[in-house]
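These notes are about the structure you will find just below.
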2 protein chains.
Amino acid sequence: MLRLSTKGQYGVRAMYEIAKGYPETPVTIKEISEKQDVSVAYLEQILNKLRKAGLIKSIKGPGGGYLLEKKPEEVSIAAILNELEGPVALTSCLDPEEGCVRVDSCVTHLLWKALGEKVEAFLKTITLKNLVSGDLDKMKRK
Amino acid sequence: MLRLSTKGQYGVRAMYEIAKGYPETPVTIKEISEKQDVSVAYLEQILNKLRKAGLIKSIKGPGGGYLLEKKPEEVSIAAILNELEGPVALTSCLDPEEGCVRVDSCVTHLLWKALGEKVEAFLKTITLKNLVSGDLDKMKRK
DNA sequence: ATAATACTTGACAAAGTTAGTAGGGTTTTA
DNA sequence: TAAAACCCTACTAACTTTGTCAAGTATTAT
């Protein structure tokens, strides 16, 4: 249950590669494609979304590529996934765009809401810096 | 992102109805169907799985219905969802049945694993008793 | 200038999953 | 013995995911 889409997974891995080039070395789509084994065409879609969201910027022409728009420690996994998969909404009634019909009659409403918030909170504490520096103790402690 | 299937949602709500009949009042599929607004045929599939998993038992014939097999405080949400949706496996490489090809080369492996474990741990702390008694503080504290 | 590099965009399709319906059982008990 | 209630399998329509493809536009090294 609760499978993450490949778009989200690839997106995080792509951001990891771009973060390795921080602060000044542009990383090309081709490099990301080879290192993370994802097709160039698919990555284009993913990076496009992340660029529009202001997480990365791109430099065109020879020698160009992608760069982080912020510091690695300021880019959380939550931010990346939010752009690629939308907000955590375990049920459709928690989706901001849909809304709940049963609302308070629904005993489980609070449960799913609480779980979603926990997930989001956790993902906010993990940043690209943690990933790049291999600082993974955080995940065990929290 | 991270949408729960309706099977999982309905399953929890059905178990909630059955839990209300604990310890001795059988709850029929029809009652659950009406109270939770889910078709009888769909509920049959769901309850069948839960019965085979030993979470509930059924009594046939007139006056029959479903009963909890254990005490409400011994049935966690995690147990219900595990039967209906399989284990929490945010990525296919964490799925027990598939396995990971990249394993240690995958920087994000640990991340998804940690998140999955957090989700599972949380869902294990919430039981049907919490749901029935409206004891939801737990969700805020933890 | 211009060719090479690299990003940008939108349409589309194959594959898989989900969410349910349908229709036929069997078992139990009043 | 009939009604109530559970049991089981198959199927399918809709949706989502996971990509591919083709045709751009922008930039810069030479």
Side-chain angles (χ1 to χ4, degrees), chain A residues 1-11 13-14 17-18 21 25-34 36-53 55-67 69 81 84-86 89-93 95 97-98, chain B residues 1-11 13-14 17-18 21 25-34 36-53 55-67 69 81 84-86 89-93 95 97-98:
Chain A
M1 65 168 170
L2 289 185
R3 189 67 49 106
L4 217 58
S5 76
T6 58
K7 228 161 191 158
Q9 295 174 50
Y10 296 167
R13 274 154 58 189
E17 293 296 335
I18 296 171
T25 313
V27 181
T28 68
I29 283 194
K30 201 172 168 225
E31 286 171 327
I32 301 172
S33 168
E34 284 164 1
Q36 292 295 335
D37 198 29
V38 178
S39 84
V40 167
Y42 202 23
L43 278 173
E44 280 172 346
Q45 277 182 45
I46 293 167
L47 295 183
N48 204 338
K49 280 196 174 184
L50 295 175
R51 187 181 50 79
K52 282 180 180 163
L55 294 179
I56 52 177
K57 60 187 166 189
S58 63
I59 297 174
K60 293 183 175 181
Y66 287 92
L67 285 174
E69 188 78 275
L81 294 183
L84 297 173
E85 313 201 358
L90 290 140
T91 61
S92 61
C93 78
D95 191 317
E97 291 191 20
E98 307 202 28
Chain B
M1 67 168 169
L2 289 185
R3 189 67 48 106
L4 218 58
S5 75
T6 58
K7 229 161 191 158
Q9 296 174 49
Y10 295 168
R13 276 154 57 189
E17 291 298 334
I18 296 171
T25 314
V27 180
T28 69
I29 282 192
K30 201 169 167 230
E31 285 171 327
I32 301 172
S33 167
E34 284 163 1
Q36 292 295 334
D37 198 27
V38 178
S39 83
V40 167
Y42 202 23
L43 278 172
E44 280 174 345
Q45 281 180 44
I46 292 167
L47 295 182
N48 205 335
K49 280 195 174 184
L50 295 175
R51 186 182 48 80
K52 282 180 180 162
L55 294 178
I56 51 178
K57 61 187 165 190
S58 62
I59 297 174
K60 292 184 177 181
Y66 287 93
L67 285 174
E69 187 76 275
L81 293 182
L84 296 174
E85 312 202 359
L90 289 140
T91 61
S92 60
C93 79
D95 190 318
E97 290 192 19
E98 308 201 27

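In the text below, chain A, chain B and the rest are named by the order of the sequence lines, each starting its count at 1. Everything numeric here is computed off the predicted structure, so don't read it as measured data.
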| remark: Comparing nearest nucleotides in DNA chain D, the 5'-proximal residue of the pair B:T28, A:T6 is B:T28
| Residue met sooner reading DNA chain D from 5', once A:Y10 and A:E44 are mapped to nucleotides | A:Y10
| said: One pair to check against side-chain contact (heavy atoms from CB on, under 4.5 Å): B:Y42 and B:T6. What are the steps and the verdict? | reply: CA-CA 10 Å; B:Y42 202 23; B:T6 58; 3.3 Å; yes
Whole angstrom is fine here: how far is it from [atom1] in [X] over to [atom2] in [N]?
X     : N      : atom1 : atom2 : value
A:L50 : C:dT8  : CG    : P     : 12 Å
B:K49 : D:dC7  : NZ    : P     : 16 Å
A:E85 : D:dT17 : CD    : C1'   : 11 Å
B:I46 : C:dT21 : CD1   : C1'   : 13 Å
A:D37 : D:dG19 : CG    : C1'   : 14 Å
A:L67 : C:dC7  : CG    : C1'   : 13 Å
A:L43 : C:dC7  : CG    : P     : 10 Å
B:L84 : C:dT17 : CG    : C1'   : 16 Å

Quick check for you: to the nearest 0.5 Å, what is the distance between [X] atom [atom1] and [Y] atom [atom2]?
X     : Y     : atom1 : atom2 : answer
A:E31 : A:I29 : CD    : CD1   : 11.0 Å
B:D37 : B:R13 : CG    : CZ    : 7.5 Å
A:T25 : A:I18 : OG1   : CD1   : 12.5 Å

| said: Could you check whether A:T91 and B:Q9, counting side-chain N and O atoms only, form a donor-acceptor pair closer than 3.5 Å? | reply: no
| Contact class for B:K52 vs. all strands (heavy atom < 4.0 Å): base, sugar-phosphate, or nothing? | sugar-phosphate
| message | Taking any heavy-atom pair under 4.0 Å as a contact, classify A:I29: base, sugar-phosphate, or nothing. | response | sugar-phosphate
| query | Do A:I32 and A:L47 have side chains that get closer than 4.5 Å, going by heavy atoms? | reply | yes
| said: Of the options D:dT18, C:dG20, C:dA22, whose atoms approach the side-chain atoms of B:A41 most closely? | reply: C:dA22
| Reference residue B:N48; test side-chain hydrogen bond (donor to acceptor under 3.5 Å, both in side chains); the match among B:Q45, B:E44, B:R51 | B:R51
Can you see if the side chain of [X] gets near the phosphate of [N] - specifically, an N or O under 4.0 Å from OP1 or OP2?
X     : N      : result
B:S58 : D:dA5  : no
B:R3  : C:dA19 : no
B:N48 : D:dC8  : yes
B:Y42 : D:dC8  : no
B:R51 : D:dC7  : yes

| said: So, under a plain 3.5 Å distance rule, would you say the side chain of A:Q45 forms a donor-acceptor pair with the base of D:dT20? | reply: yes
| task | Evaluate side-chain contact (heavy atoms from CB on, under 4.5 Å) for B:L4 paired with B:E85, printing each intermediate quantity in order. | result | CA-CA 9 Å; B:L4 218 58; B:E85 312 202 359; 3.8 Å; yes
| field | Annotated protein contacts, base or backbone, on nucleotides 24-30 of chain D with a non-hydrogen cut-off under 4.0 Å, one of B, S, - each | value | --SBS--
